[in-house]
Amino acid sequence: MAEGLMKKMYGQRAYVQSAGVRNDMEIDGFSVAVCKELGIELSRHRSRSFEEMQDWGDDLSQFDLIIALSPASQRMALELTRFHHLEIEYWPILDPTGLGETREAKLAAYRQARDQIKARMLERFGPPTETPGR
């Protein structure tokens with residue numbers, strides 16, 4: 001979700017790559033749905049781990065900033081970059097997985113997480129270079 005939002009809002013202003021602690025999860029359908037509301041296509045997005053990202057040629061030391069959205073990803077980023085000089089920020093974002101009993105309640109939780117990420121991006125990076133759908 002964060003990578004899609006960043007690319008939609010800031011385009012080519014920065015090289016963006018999302019990674020997580022694990023890569024064994026398909027992109028969540030609710031994430032796809034709430035991002036589609038903003039004109040962001042995630043249905044072909046695949047989650048990757050930090051290790052897989054490095055295996056594909058992305059050297060973490062070449063990045064300027066890692067933004068962790070969970071305590072586990074923050075710990076992993078700190079561990080993998082302990083010998084590199086790069087900034088790591090932790091943004092405590094609501095984890096919407098498992099929240100809500102109905103489809104609409106689940107979508108509301110995912111919208112809340114999406115909007116928290118969007119607000120943090122605006123705070124950190126300023127006005128978007130491209131207009132998001134909402």
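The chain is numbered in sequence order, starting from 1.
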Would [X] and [Y] show up in the same hydrophobic cluster when neighbours are defined by side-chain heavy atoms closer than 4.5 Å?
X: I117; Y: L94; value: no
X: Y90; Y: M76; value: no
X: I93; Y: L99; value: no

Step by step, would you call D28 with L42 a side-chain contact (heavy atoms from CB on, under 4.5 Å)?
CA-CA 9 Å; D28 188 292; L42 290 184; over 6 Å; no
Taking all atoms of both residues into account, what is the closest heavy-atom pair of [X] and [Y], and its distance?
X: R13; Y: P127; value: NH1-O, 3.5 Å
X: A105; Y: G100; value: CB-CA, 3.8 Å
X: P92; Y: R120; value: CD-NH1, 3.7 Å
X: P128; Y: L122; value: CD-CD2, 3.6 Å
X: V34; Y: R114; value: O-NH1, 2.6 Å

Would you say the side chain of E87 lies within less than 4.5 Å of the side chain of I66, judging by non-hydrogen atoms?
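No - every pair of side-chain heavy atoms lies 4.5 Å or more apart.
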Would you call P96 and F30 a side-chain contact if the rule is heavy atoms closer than 4.5 Å?
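Not touching, per the 4.5 Å side-chain cut-off.
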Quick one: pull up [atom1] in [X] and [atom2] in [Y] and give me the separation to the nearest 0.5 Å.
X: Q116; Y: L69; atom1: CD; atom2: CG; result: 10.0 Å
X: C35; Y: M1; atom1: SG; atom2: CE; result: 5.0 Å
X: K36; Y: I40; atom1: NZ; atom2: CD1; result: 12.5 Å
X: W91; Y: I67; atom1: CH2; atom2: CD1; result: 3.5 Å
X: M9; Y: L38; atom1: CE; atom2: CG; result: 9.5 Å

Please determine whether the number of non-hydrogen atoms from other residues, nucleotides or ligands lying under 6.0 Å from atom CD of E101 exceeds 12.
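Count not over threshold, so no.
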Between L65 and L86, is the side-chain contact (heavy atoms from CB on, under 4.5 Å) condition met? List the steps.
CA-CA 6 Å; L65 172 66; L86 78 125; 5.8 Å; no
Check the angle between the aromatic planes of Y10 and F125 and answer parallel, tilted or perpendicular using the 30° and 60° thresholds.
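Perpendicular, since the angle between the ring planes exceeds 60°.
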In terms of side-chain geometry, is the basic nitrogen of R111 or E104 positioned less than 4.0 Å from the acidic oxygen of its partner?
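Yes, charged N to carboxylate O under 4.0 Å.
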Using a strict cut-off of less than 4.0 Å between a Lys/Arg side-chain nitrogen and an Asp/Glu carboxylate oxygen, indicate whether E89 and R124 qualify as a salt bridge.
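Yes, this pair counts.
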One pair to check against salt bridge (charged side-chain N to carboxylate O under 4.0 Å, His left out): E3 and K8. What are the steps and the verdict?
CA-CA 9 Å; E3 178 181 350; K8 175 74 172 179; over 6 Å; no
With sequence neighbours excluded, residues passing side chain to side chain contact (heavy atoms under 4.5 Å, CB included) with F83
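F83: no side chain to side chain contact (heavy atoms under 4.5 Å, CB included) contacts found.
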